[in-house]
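First the structure, in the form of structure tokens, and then the observations on it.
Chain letters run A, B, ... following the sequence lines, proteins first and then strands; every chain starts at 1. Keep in mind it's a predicted model, so treat the numbers as computed, not measured.
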2 protein chains.
Amino acid sequence: MEENNNNTNNDFLRGLSREERAEIMKCGTAVDLKRGAVLFRQGEPATRTFLVLEGRLKLAKLHEEGKEFLVRYIGPGELTSMIAVLQNREYPVTATAVGATLVAGWDRKRMMELMSEYPELTFNMLHHALERLEELQSRYLELHAEQVEQRVARSLLRIMRQSGRKSGDEIVIDFPISRQELADYTGTTLYTVSRTLSAWEKKGWVRSQSGRIIIVDPHALVLFSEKI
Amino acid sequence: MEENNNNTNNDFLRGLSREERAEIMKCGTAVDLKRGAVLFRQGEPATRTFLVLEGRLKLAKLHEEGKEFLVRYIGPGELTSMIAVLQNREYPVTATAVGATLVAGWDRKRMMELMSEYPELTFNMLHHALERLEELQSRYLELHAEQVEQRVARSLLRIMRQSGRKSGDEIVIDFPISRQELADYTGTTLYTVSRTLSAWEKKGWVRSQSGRIIIVDPHALVLFSEKI
DNA sequence: CGACGCATTGACAGGGCTCAATTTAAGTGG
DNA sequence: CCACTTAAATTGAGCCCTGTCAATGCGTCG
């Protein structure tokens, strides 16, 4: 866990020179999003692929009537809507800006040109897709095999690893997550999450502070998440 | 649903000429698997990427102590262990031959050479990874949002679409699946699957015949899977 | 024919979801 | 800065789905 909060290995532009990056960025269109703004909505025709430059996007998938699955949060350097490089697809998720967020977008045609000009891009996308695939396989298995409290612990740790920031001994997830969102991420209800976090707060493992969650004792959480 | 049972759009060699295909196949090593043989095991260092030529592989992920998640069955033209193109990975799943199965394998170095020589390969892999990612996202959501019986229906339909064969009015999944396997695919227990299939058999929606499952009334199943 | 694995069916219990009622916190306008 | 409004979080109680355990039935294969 480092000081900065962009601890991803999934940089879309990895392996490219400064000049190549500039060239690529030049043919994208920048989009500036206010907090809560929707970049694209599940079910719409997927026309563009986006790269997060600053801020954070929340990717969520909705089930008919109610329940939501929070797929993940993505930060700077990460790509979303890769599916748009395939023909005639719909966005499988909805992307919402968590805070003020800046992204760059490329339409299918342009992205295909870039991919054939810079093969690294295709490989980086593949890399990213494979990592997410593996993560999802694990989460699926956990959803079926483990009890809720254990899964809530895993969720917190995952989000912490992807977007945590060290602050003294503690690790703070520096954007607000509601119990509902953590529940959607875990595959449970806000009630269970609330009860669980209350219990952990009593034990001194976590703290909540103005919508943000602070992990006081990551080690205890890790132990708990691995075996109950 | 067509006559043949290779109704996948995920052909690894799509877009390549006969000569190119031959060239690619030439540098792979063929592996012949008996029914039940393990091609690679979860946790081992991922050294090779495999293409199914004939037969069928079952990909399953094991949870410490017991429970298993059946990720999917793959058939001719489909690739597995794409993760091996990344450095220092472990197989995230175990691959077992469902029947007699023939596969071709390439090690990381060779595959990387092929990918840079034939960019279509990288793109086809990306295509495949994205489709699987989307499918898994849906399954994850369903696992949380829907009741077991509905999910069992979806599982049967998914397997049917991926490996079904039309036989008169009925659709037969022409390799044996145990209740346990269907349960692992769905995220439930063999008991629940058994009860569910029994009920459907009474309704005339499905039939079991010497380990194989026959879908008598796909339409009824679809309706049931979409809204209870 | 016996044995083994797989499937079926019943009974039971418990994890966690649902619903409802409060409490707390956040946001807003005067 | 405070009263007011609204949203989010907490906590309790009850119940249902489905997982667990156990016993029995069935088919297949040596």
Side-chain angles (χ1 to χ4, degrees), chain A residues 34-36 58 63 65-70 98-99 141-156 173 175-203 205-214 224 228, chain B residues 35-36 58 63 65-70 98 141-156 173 175-203 205-214 224 228:
Chain A
K34 294 196 220 315
R35 172 175 133 68
K58 173 179 121 177
H63 192 265
E65 261 53 81
K67 311 221 173 178
E68 189 165 324
F69 164 38
L70 208 167
V98 174
L141 182 57
E142 288 159 16
L143 180 54
H144 173 230
E146 297 172 358
Q147 314 260 80
V148 259
E149 298 209 337
Q150 197 174 350
R151 276 156 40 212
V152 174
R154 284 202 196 269
S155 299
L156 261 187
I173 296 168
F175 57 92
I177 308 182
S178 67
R179 315 285 141 155
Q180 179 66 63
E181 285 171 318
L182 193 48
D184 292 339
Y185 190 94
T186 310
T188 179
T189 61
L190 74 144
Y191 307 103
T192 303
V193 168
S194 177
R195 280 181 244 271
T196 304
L197 288 186
S198 294
W200 292 348
E201 202 143 356
K202 286 204 184 72
K203 290 189 184 178
W205 292 0
V206 299
R207 263 185 317 126
S208 294
Q209 201 167 79
S210 64
R212 276 146 182 86
I213 295 177
I214 296 157
F224 182 83
I228 199 157
Chain B
R35 174 175 131 69
K58 172 179 119 174
H63 191 265
E65 261 53 80
K67 311 220 173 180
E68 191 166 323
F69 164 39
L70 208 168
V98 174
L141 181 58
E142 287 159 18
L143 181 53
H144 173 229
E146 296 173 357
Q147 314 260 82
V148 258
E149 297 208 336
Q150 197 173 352
R151 276 156 39 210
V152 174
R154 284 201 196 268
S155 298
L156 262 187
I173 296 168
F175 57 91
I177 309 183
S178 67
R179 314 286 142 155
Q180 180 66 62
E181 286 171 317
L182 192 48
D184 292 338
Y185 190 93
T186 310
T188 179
T189 61
L190 73 141
Y191 307 103
T192 303
V193 168
S194 178
R195 279 182 243 272
T196 304
L197 288 187
S198 294
W200 292 349
E201 202 142 357
K202 285 202 184 77
K203 290 189 186 180
W205 292 0
V206 299
R207 264 184 317 127
S208 294
Q209 201 166 81
S210 63
R212 277 149 181 84
I213 295 178
I214 296 157
F224 182 83
I228 196 153

Over how many whole Å does the gap from [X] atom [atom1] to [N] atom [atom2] extend?
{"X": "B/L197", "N": "C/dT9", "atom1": "CG", "atom2": "P", "answer": "11 Å"}
{"X": "A/R179", "N": "D/dT10", "atom1": "CZ", "atom2": "C1'", "answer": "9 Å"}
{"X": "B/R212", "N": "D/dT28", "atom1": "CZ", "atom2": "P", "answer": "11 Å"}
{"X": "A/L190", "N": "D/dA9", "atom1": "CG", "atom2": "P", "answer": "8 Å"}
{"X": "B/Q180", "N": "C/dA7", "atom1": "CD", "atom2": "C1'", "answer": "12 Å"}
{"X": "A/Q209", "N": "D/dA8", "atom1": "CD", "atom2": "C1'", "answer": "17 Å"}
{"X": "B/L143", "N": "C/dG16", "atom1": "CG", "atom2": "P", "answer": "14 Å"}
{"X": "B/I177", "N": "C/dA7", "atom1": "CD1", "atom2": "P", "answer": "11 Å"}

Could you tell me whether the phosphate oxygens of [N], OP1 or OP2, come under 4.0 Å of any side-chain nitrogen or oxygen in [X]?
{"X": "B/T192", "N": "D/dG19", "answer": "yes"}
{"X": "A/T189", "N": "C/dC17", "answer": "yes"}
{"X": "A/S198", "N": "D/dT11", "answer": "yes"}
{"X": "B/K202", "N": "C/dT8", "answer": "no"}
{"X": "B/Q147", "N": "D/dC17", "answer": "no"}

| Which one, C/dT8, D/dT11, D/dG19, comes nearest to the side chain of A/Y191? |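 Out of C/dT8, D/dT11, D/dG19, the nucleotide with an atom closest to A/Y191's side chain is D/dT11.
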| Most 5' of B/S208 and A/T188 on DNA chain C, judged by nearest nucleotide |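 Nearest nucleotide further toward 5': that of B/S208.
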| field | Check: D/dT18 base within 3.5 Å donor-acceptor of B/R151 side chain | value |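 No.
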| D/dG19 base to B/R195 side chain: any donor-acceptor pair below 3.5 Å? |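 No such pair is found, so the answer is no.
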| Residue whose nearest DNA chain D nucleotide is more 5′ - A/E201 or A/H144 |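 The residue mapped nearer the 5' terminus is A/E201.
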| query | Under 30°, 30 to 60°, or over 60°: which ring-plane class applies to B/W205 and B/W200, parallel, tilted or perpendicular? | reply |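 Ring orientation, 0 to 90° scale: tilted.
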| What pair of heavy atoms forms the shortest contact from B/I177 to B/L182, and how long is it? |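 That closest heavy-atom pairing would be CG2-N, 3.9 Å.
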| request: Could you tell me which non-hydrogen atom of B/R179 sits nearest to which non-hydrogen atom of B/S208, and how far apart they are? | output: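 That would be NH2-OG, 2.8 Å.
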| Just by distance, do the side chain of B/S194 and the backbone of B/L190 share a donor-acceptor pair under 3.5 Å? |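 Here the side-chain-to-backbone pair does not exist.
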| query | Around B/R35, counting heavy atoms of other residues, nucleotides and ligands shown, do more than 12 lie under 6.0 Å from its CZ? | reply |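 Check fails, neighbour count at 12 or below.
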| task | Name the nucleic acid region contacted by B/S194, choosing base, sugar-phosphate or nothing; use a 4.0 angstrom heavy-atom cut-off, strictly under. | result |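 Base contact.
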